[in-house]
Q: 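Please find one structure pasted underneath; my questions will follow.
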There are 2 protein chains.
Amino acid sequence: MRPARISRTQVLDATLDLAAEAGLAAVTMRAVAARLEVTPMALYRHVGDKQGLLDGLVERLMAEIAVPAEAKDTDWRAVLRTMADNVRVIARRYPDLFMLLFQRRAVTEGAQGPRQTVYRALRSAGVPEEELSSLERLLSTLVYGFAASEAGGRFAGLNIEAEFEYGAARIEQLVEAAARGDSAG
Amino acid sequence: MRPARISRTQVLDATLDLAAEAGLAAVTMRAVAARLEVTPMALYRHVGDKQGLLDGLVERLMAEIAVPAEAKDTDWRAVLRTMADNVRVIARRYPDLFMLLFQRRAVTEGAQGPRQTVYRALRSAGVPEEELSSLERLLSTLVYGFAASEAGGRFAGLNIEAEFEYGAARIEQLVEAAARGDSAG
DNA sequence: ACCTGAACACCGTTCAAGT
DNA sequence: ACCTGAACACCGTTCAAGT
């Protein structure tokens, strides 16, 4: 053996840069390799294959979403809004890469961080324990759908911030209703 | 000139079949051409290029969503549920193709049909006119996000019907609140 | 007008070889 | 252990040619 010229981390970093600059279509084993000044085949030892590279990217995206640390003890409305904004920023930076998050199991390890943060926010709002996971899923699904729509261009021509405000207000309405126990049926 | 061997309609039909059977990755100009027993280059006259082919596909998907005719005068809850189910069926049939709908402007011609149907449903529920478009957008965004999550595998391991039920109930709650005018301030 | 055939510049990936 | 180089079976698309 001899010192490694590149690492998995470097490969993912380079790919993320490439994706942000030129989109997912430009993410090719050969282009990533060129960016690292290495042969395409050199990547295979570090990421397995193209699919492995893509998996590594969404893993990274998840991790980026997972850092709302700042908004920790503030009120639940601010926490939820901050997390939603976080997701939107990522979606705008990697518009087509973002779509791959829909192919990632929501229950996975990497998604634990943000989910627990949302749970805490919902608990502090008074949402009953047994409704936490369903409500969290509803919220994240809406946020993902919104971010994908915004980044993908589905919302082109609309006042996106106004739409976001409307959605955020409706979500808060649902959380408050859940806290009152209106979801019982 | 001489009689056309293939038409745009046939090309899209063949591609949709191919996509349903083998996924978007298998949708290649060459594979579509082979299915029609024609040279790859023969497609270009009918769909422009690969992007044109893809555009034609999402156009078709939109059209498939647009046919909830049956549930016309029944109650608004049934109409909304039927439309959501419609979208979910399409997403399951074309899991990766479905993601392309996020890149399609929501305000486009092809989306008019389903949107007007939702408007009617919301009106009959008592939702004020000025809130129609925002609420419809919130609903469709959630449904798209849900369908993409289900089809993409994000919801793997969950009781998806139960999740859908939960979401549907929350949506109805929002519609009822809007009808009462709770969204004002 | 519509289709074919050969060609070009790309892909991901294998395999044997170098250090 | 890590990287290279040549090769293979694919892509989308151009261009000139056939009917």
Side-chain angles (χ1 to χ4, degrees), chain A residues 1-61 94-97 99-100 103-104 152, chain B residues 1-61 94-97 99-100 103-104 152:
Chain A
M1 72 124 195
R2 218 48 9 100
R5 296 168 52 85
I6 56 172
S7 66
R8 180 182 149 87
T9 300
Q10 283 176 73
V11 173
L12 294 179
D13 286 345
T15 311
L16 243 16
D17 287 350
L18 183 58
E21 287 169 25
L24 185 55
V27 172
T28 181
M29 297 299 273
R30 294 168 125 102
V32 173
R35 205 164 250 256
L36 294 165
E37 295 184 302
V38 104
T39 282
M41 285 315 302
L43 304 178
Y44 283 77
R45 183 163 311 268
H46 301 279
V47 297
D49 58 4
K50 178 87 185 271
Q51 187 55 53
L53 177 62
L54 261 23
D55 288 349
L57 293 187
V58 307
E59 185 188 290
R60 283 293 192 90
L61 256 51
Y94 312 102
D96 36 18
L97 200 51
M99 307 292 177
L100 296 183
Q103 333 226 78
R104 204 70 174 179
Chain B
M1 75 120 194
R2 223 30 30 87
R5 297 168 48 86
I6 56 172
S7 66
R8 180 180 150 88
T9 300
Q10 283 176 72
V11 173
L12 294 180
D13 287 345
T15 311
L16 243 16
D17 287 350
L18 183 59
E21 288 169 24
L24 185 56
V27 172
T28 180
M29 297 300 272
R30 295 169 125 102
V32 173
R35 206 165 249 255
L36 294 165
E37 295 184 302
V38 105
T39 281
M41 284 317 300
L43 304 178
Y44 283 78
R45 185 163 310 270
H46 302 279
V47 296
D49 58 3
K50 178 84 186 275
Q51 188 54 53
L53 178 62
L54 260 23
D55 288 348
L57 294 187
V58 307
E59 187 187 289
R60 284 291 192 90
L61 256 51
Y94 311 103
D96 36 18
L97 200 51
M99 307 291 177
L100 297 183
Q103 333 226 75
R104 204 71 173 178

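Letters A, B, ... are given to chains in the order of the sequence lines, protein chains preceding strands, and every chain is numbered from 1.
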Q: I need the A:Q10 CD to A:T15 OG1 distance, nearest 0.5 Å.
A: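 Atom-to-atom, A:Q10:CD and A:T15:OG1 are 11.0 Å apart.
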Q: Are OP1 or OP2 of D:dC10 and a side-chain N or O of B:T28 less than 4.0 angstrom apart?
A: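 Checking B:T28 against D:dC10: no side-chain N or O falls below 4.0 Å of OP1 or OP2.
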Q: Please list, for nucleotides 4-6 of chain C, all pairs of protein and nucleotide N/O atoms separated by less than 3.5 Å.
A:
| from | atom 1 | to | atom 2 | distance (Å) |
| --- | --- | --- | --- | --- |
| C:dT4 | OP2 | B:T39 | N | 2.7 |
| C:dT4 | OP2 | B:T39 | OG1 | 3.3 |

Q: What does the 5'-to-3' dot-bracket notation of DNA chain D look like when only Watson-Crick and G-U wobble pairs under 3.5 Å count, and pairs to other strands show as |?
A: ||.|||||...|||||.||
Q: Any side-chain heavy atom of B:L36 sitting closer than 4.5 Å to one from B:L43?
A: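 B:L36 vs B:L43: side chains touch.
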Q: Using a cut-off of strictly less than 4.0 Å between a heavy atom of the residue and any atom of DNA chain D, enumerate the qualifying residues of residues 10-21 of chain A by number.
A: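 Residues of residues 10-21 of chain A that come under 4.0 Å of DNA chain D do not exist, since none gets that close.
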Q: Return yes if some donor-acceptor pair links the side-chain N/O of B:D96 with the main-chain N/O of B:G23 below 3.5 Å, else return no.
A: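 Not at all, since once roles are kept as given, no pair shorter than 3.5 Å links the two residues.
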Q: Checking B:A20 now: which residues fulfil side chain to side chain contact (heavy atoms under 4.5 Å, CB included) with it, not counting sequence neighbours?
A: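 Partners of B:A20 by the side chain to side chain contact (heavy atoms under 4.5 Å, CB included) criterion, ordered by chain and then number, come out as B:R93, B:Y94.
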Q: B:D55: which residues meet the salt bridge (charged side-chain N to carboxylate O under 4.0 Å, His left out) condition with it, sequence neighbours left out?
A: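 By the salt bridge (charged side-chain N to carboxylate O under 4.0 Å, His left out) rule, B:D55 matches B:R104.
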Q: CE/A:M29 to NZ/A:K50 distance, rounded to the nearest 0.5 angstrom?
A: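 Nearest 0.5 Å value for the CE-NZ distance: 8.0 Å.
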Q: Considering only residues two or more places apart or on different chains, which pairs with a residue in residues 22-49 of chain A satisfy side-chain hydrogen bond (donor to acceptor under 3.5 Å, both in side chains)?
A: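 For residues 22-49 of chain A, and leaving out neighbouring residues, the side-chain hydrogen bond (donor to acceptor under 3.5 Å, both in side chains) pairs sorted by first residue read A:E21-A:R35.
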Q: I'd like to check B:L16 versus B:L61 (side-chain heavy atoms, cut-off strictly below 4.5 Å). Are they in contact?
A: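 Side-chain contact under 4.5 Å: yes.
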Q: Heavy atoms from C-beta onward define the side chain here; which of D:dC2, C:dC2, C:dT13 lies closest to that of A:R30?
A: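 Minimum distance to the A:R30 side chain belongs to C:dT13.
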Q: Working to the nearest 0.5 Å, report the span between CG of A:L97 and CG of A:L54.
A: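 It comes to 7.0 Å.
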Q: Between C1' on C:dC2 and CZ on B:R8, what's the gap in Å once rounded to a whole number?
A: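 After rounding, the gap between these two atoms is 17 Å.
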Q: Do B:L57 and B:L100 have side chains that get closer than 4.5 Å, going by heavy atoms?
A: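 A side-chain contact under 4.5 Å is absent here.
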Q: Residues in side chain to side chain donor-acceptor pair (under 3.5 Å) with A:D13, at least two apart?
A: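 Counting only residues at least two positions away or on another chain, A:D13 forms a side chain to side chain donor-acceptor pair (under 3.5 Å) with A:R60.
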Q: Could you give the CD1-to-C1' distance, from B:I6 to C:dA1, as a whole number of Å?
A: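 Taking CD1 of B:I6 and C1' of C:dA1, I get 13 Å after rounding.
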Q: Measure OH/B:Y44 against P/D:dA16 and give the value in whole Å, please.
A: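 To the nearest whole Å, that distance equals 17 Å.
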Q: Name all residues meeting the side chain to side chain donor-acceptor pair (under 3.5 Å) criterion together with B:T9; count only those two or more places apart in sequence or in a different chain, and write none if there are none.
A: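 Applying side chain to side chain donor-acceptor pair (under 3.5 Å) to B:T9 gives none.
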Q: Expected output is a numbered-order residue list: members of residues 46-61 of chain B with a heavy atom under 4.0 Å from any atom of DNA chain C. What is it?
A: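 Close to the strand are B:H46.
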Q: Not counting sequence neighbours, which residues clear side chain to side chain donor-acceptor pair (under 3.5 Å) with B:R5? List them please.
A: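 Scan of B:R5 (side chain to side chain donor-acceptor pair (under 3.5 Å), adjacent residues dropped) gives none.
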Q: Grab the CE-C1' distance between A:M29 and D:dC3 for me, whole Å please.
A: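 Distance, rounded to whole Å: 14 Å.
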